[in-house]
J.: 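Sending over a structure as structure tokens; questions will come in a sec.
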Amino acid sequence: MIRWYTKLYQKNLIHLLNRLLLMSIEQELIQGIQKAFKEVYNTDTPAAPVIEQTKREFVGDYTFVVFPYLKLSKKKPEQTGNDIGEFLKKELAFVSGFNVIKGFLNIEIGDSFWVKFLNDNYALSDFGKSSAKNKKIMVEYSSPNTNKPLHLGHIRNNLLGYAVAEILAYNGYEVIKANLINDRGIHICKSMLAWMKFGNGETPQSSGMKGDHLVGKYYVEFDKAYKAEIDQLVSGGMEKEHAEQEAPLIKGAKELLLKWEQGDAETLRIWKMMNGWVYEGFELTYKRLGVNFDKFYYESNTYLLGKKAVQEGLQQGAFYQKEDGSIWIDLTADGLDHKLLQRSDGTSVYITQDIGTAQMKYDEYKMDRSVYVVGNEQDYHFKVLQLILKHLGKVYAYGVYHLSYGMVDLPSGKMKSREGTVVDADDLLDELHHTSEKITKELGKTEGFTQEQLSELYEQIGQGALKYFLLKVDPKKRLLFDPKESIDFQGNTGPFIQYTYARISSVMRSAPAYTVVPESHSLLSEEKELIYTLYRFNEAVELAGKEMSPAVMANYAYELVKAYNKLYHELTILKETDEQKRNLRLMLSAMTRNVVKTSLRLLGIAAPEKM
RNA sequence: GGUCUCGUAGCUCAAUUGGAUAGAGCAUCUGACUACGGAUCAGAAGGUUUGGGGUUCGAAUCCCUACGAGACCGCCA
């Protein structure tokens, strides 16, 4: 018992020390370089010398570029590199050698450092996880409208939001996942009106349709009928713009919105019922995608809140009122325009609701940062929102961050729900499930799986392909999706990473007992490369968090499995007869398995043991 | 009209945030399985980083300009 505790204690201690050490290896180099300037050249030390990883085609692990510091050394680049290299080699035990090419000082780290690193960390299932930072971040994502089902663009949003939240949590932040449901407004009234007019009481039960799809069907029907009305009015001689206002359907929808705002019982009943259908549908899709939320906000609850803030701002003099009663903010000093905050009839606009919701969120959570995962079409909106909050003197304004991601476009252009030119989320997931099933069957490696396990596996791999496909791209960039070209399962893909995980798992299942190796053990290039990649996991997690970019994580995972597969192919593991070599490779396998699993988890991708 | 993104191999994406000879995957071609899992590995070919100018030791990255693509600028959400 005592031994067990001691062991556990030691393990934790080692873990802790490691984190300190990990923090400091690059910093030790930096400090060493600063010291070198002081002692060798007797000059001021450069404030923050930059250390980078050495490119593969050169010998070495870390590179210091001396060009910017020649003013300090007053020597030629080669000479400066040599001076500092010599100093570092004497000063730091883990520096085993160096070479200088032009102005690049390539520093070599000795094998013993890498072996020790592996010995200390191979068994940690939470390697790379930061200790608590005592900071709260709210990540709002998904935030759907309740008048139509989710499409591929929403999937990108959901996956991004989820992955960013997971990555931030792994970086030590306390994360609150929030979803602001856009459940009121003219859009839902359109679906409602169409259902009332053409629906004949159809329900998800009676039609067998998923609730969100049923409501979406009426949204499309509204648009069709509305366009027909416009055409008719236009052919009767009316101007198009006028017709768009005068069509009976749009008038009806506006009337419905008014009734809703006045609290008309029948309207509210239908609204609640149809929203309920949509929620049931969303629930299924969220569950299938594996995303979740800690807090739901409903716009119907928050849309009036902003008005209070608007009154505050008016009293403070941050806003001004026009004669017709409408309220505005002047943002010309910030390089923007005047912005309406409240209509002349006293009703609130979109941005007003966001002001209210921001306050509500902060009152409840007092978070340090508030991240909004919203498409880049709303860049302007969020710029304005943050400015307004600043003008109102809200401290939390500075924590607002718009994680702006690019739209998912089709070869034909933008997806439009109303026109039905969308890649439906549920359809796409089904399709990938089937593709995955087909490929898996062709490869025929799933002996002993039950029907249920097979179905789960197909789903995991299909989603692995989709999620990786969407997440490996820098969030900021727009994404092109061609429905005619199926998502790959080979190469730089989710299934490739999943495959490597399954492959390592297979090795480990038949692995003999193994243990750490002496630090004097020397490494082959494949081994060294893999350890080096594993070592960089911390950096990848940190950068992914800092940039809020799951793409960093995805690309790291790909590099890692590539390094492992290379080693796997070039060297034997289980059949290796030299015990120390076998032990080292088993440690490498174990650690790679852990890190791949964590990387996938941070991306929301499942890691199957067999596939 | 104004503002803001973006433009890298045929296609989809990287490039340690200003560093070395711009890297991967797909597609094409060539090679490696009586196997520790071939959804793999090795190799070939593919580039004036949209064009032009500038900044400096050094530019895909920063500045200017032209062209091209997209988004936003509503008392819509």
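Scope of the values below: all heavy atoms of this structure, side chains included, with no hydrogens, waters or symmetry mates.
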J.: Rounding to the closest angstrom, what is the interatomic distance between B:A20 and B:A59 at atom P?
T.: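 Roughly 10 Å separates the two P atoms.
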J.: Between B:C13 atom P and A:K477 atom NZ, what is the distance in whole Å?
T.: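 Whole-Å distance recorded here is 8 Å.
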J.: Answer yes when A:R184 and A:E261 have at least one side-chain N-carboxylate O distance shorter than 4.0 Å, and no when they do not.
T.: yes
J.: Rounding to an integer number of angstrom, what distance separates B:U21 and B:U48 when you compare their C1' atoms?
T.: 16 Å
J.: Is there a stack between A:F104 and B:A20, judged by ring centres under 5.5 Å and planes under 30°?
T.: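 Yes, the aromatic ring of A:F104 stacks with the base.
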J.: Return yes if a side-chain donor-acceptor contact under 3.5 Å exists between A:S300 and A:D183, otherwise no.
T.: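 A pair is found: one side chain offers a donor N or O, the other an acceptor, under 3.5 Å apart.
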J.: What's the gap between B:U55 and B:C4 when it is taken at their C1' atoms, as a whole Å value?
T.: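 The answer is 24 Å between these two C1' atoms.
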J.: Between B:G70 and B:U28, how far apart are the P atoms? Round to whole Å, please.
T.: 31 Å
J.: Give one of base, sugar-phosphate or nothing for A:E299, where a contact means two heavy atoms less than 4.0 Å apart.
T.: sugar-phosphate
J.: Quick one: which of B:G37, B:G19, B:G7 gets closest to the side chain of A:R509?
T.: B:G37
J.: Pick the P atom in B:C6 and in B:U16, then give their distance to the nearest Å.
T.: 15 Å
J.: With a 3.5 angstrom cut-off on both distances, give the Watson-Crick or G-U wobble partner of B:A15, or none if there isn't one.
T.: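 Its partner is none (no Watson-Crick or G-U wobble pair with both distances under 3.5 Å).
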J.: What does A:F469 touch in the nucleic acid at a heavy-atom separation under 4.0 angstrom: a base, only the sugar-phosphate, or nothing?
T.: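 The residue A:F469 makes no contact with any strand.
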J.: What does A:E559 touch in the nucleic acid at a heavy-atom separation under 4.0 angstrom: a base, only the sugar-phosphate, or nothing?
T.: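 Since no nucleic acid heavy atom lies under 4.0 Å of A:E559, the category is nothing.
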J.: Please name the nucleotide paired to B:U34 by Watson-Crick or G-U wobble geometry with both distances under 3.5 Å, or report none.
T.: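 Partner of B:U34: none found under 3.5 Å.
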J.: Does a donor on one side chain and an acceptor on the other come within less than 3.5 Å for A:S505 and A:E609?
T.: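 Side-chain D/A pair, A:S505 to A:E609: present.
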J.: Taking the P atom in each of B:A60 and B:A77, what is the distance between them to the nearest angstrom?
T.: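 Between the two P atoms, the distance is 47 Å.
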J.: What interatomic distance, in whole Å, is found between P of B:U3 and the corresponding atom of B:A42?
T.: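 One P to the other, the span is 50 Å.
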J.: Could you check whether A:Q53 gets within reach of a base, just the sugar-phosphate, or nothing at all, counting any heavy atom under 4.0 Å?
T.: base
J.: Indicate whether OP1 or OP2 belonging to B:G19 is found under 4.0 Å from a side-chain N or O atom of A:K55.
T.: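 Answer is no, no contact under 4.0 Å.
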J.: For B:U12, decide between syn and anti, treating a glycosidic angle within 90° of 0 as syn.
T.: anti
J.: Give A:T500 one of three labels, base, sugar-phosphate or nothing, depending on what nucleic acid heavy atoms sit under 4.0 Å from its own.
T.: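 Nothing, no heavy atom under 4.0 Å.
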J.: Report which part of the nucleic acid A:V473 touches: base, sugar-phosphate, or nothing (heavy-atom distance under 4.0 Å, all strands).
T.: sugar-phosphate
J.: Are B:A20 and A:F58 stacked, with the base six-membered ring and the side-chain ring centres under 5.5 Å apart and planes under 30°?
T.: yes
J.: Students often get this wrong, so: under 4.0 angstrom with heavy atoms, is A:K476 touching a base, only sugar-phosphate, or nothing?
T.: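 Answer is nothing: A:K476 stays at 4.0 Å or more from every strand.
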J.: When you measure from the side chain of A:H434 to the backbone of A:E431, do you find a donor-acceptor pair of N or O atoms at a distance under 3.5 Å?
T.: no
J.: If you look at every strand shown and take non-hydrogen atoms under 4.0 Å, does A:M611 touch a base, only sugar-phosphate, or nothing?
T.: base
J.: Look at all strands and tell whether A:F67 reaches a base, only sugar-phosphate, or nothing, counting heavy atoms closer than 4.0 Å.
T.: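 Base contact.
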J.: Within the 4.0 Å heavy-atom criterion, would you say A:D409 contacts the bases, only the backbone, or no part of the nucleic acid?
T.: nothing
J.: Can you check the A:N376 CG to B:C4 P distance for me, whole Å?
T.: 15 Å
J.: Is it the case that more than 12 heavy atoms not belonging to A:E442 sit under 6.0 Å from its CD atom?
T.: yes
J.: Would you say A:K76 reaches B:C57's phosphate, i.e. side-chain N/O to OP1/OP2 under 4.0 Å?
T.: no
J.: With a 4.0 Å limit, can you tell me whether A:K102 has a side-chain N or O closer than that to the phosphate oxygens OP1/OP2 of B:U21?
T.: yes
J.: Whom does B:C72 pair with, Watson-Crick or G-U wobble, provided both distances fall under 3.5 Å?
T.: B:G2
J.: If we ignore angles and hydrogens, is there a donor and acceptor under 3.5 Å between the side chains of A:S589 and A:Y568?
T.: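 No, no side-chain donor-acceptor pair sits under 3.5 Å.
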J.: Select base, sugar-phosphate, or nothing to describe what A:P68 touches, counting heavy atoms under 4.0 Å on all strands.
T.: base
J.: As a test of reading the structure: which of B:U17, B:U40, B:G23 is closest to the side chain of A:L543, going by heavy atoms?
T.: B:U17
J.: Could you identify the nucleotide paired to B:A20, looking across every strand shown and requiring Watson-Crick or G-U wobble geometry with both distances under 3.5 Å?
T.: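 Result: none.
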J.: Any base atoms under 4.0 Å from A:E526, or only sugar-phosphate, or nothing? Heavy atoms, all strands.
T.: nothing
J.: For B:G18 and B:C62, measure between their P atoms and round to the nearest Å.
T.: 7 Å
J.: Is it the case that the side chains of A:R478 and A:N376 hold a donor-acceptor pair, with the cut-off being a distance below 3.5 Å and no angle test?
T.: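 No, no side-chain donor-acceptor pair sits under 3.5 Å.
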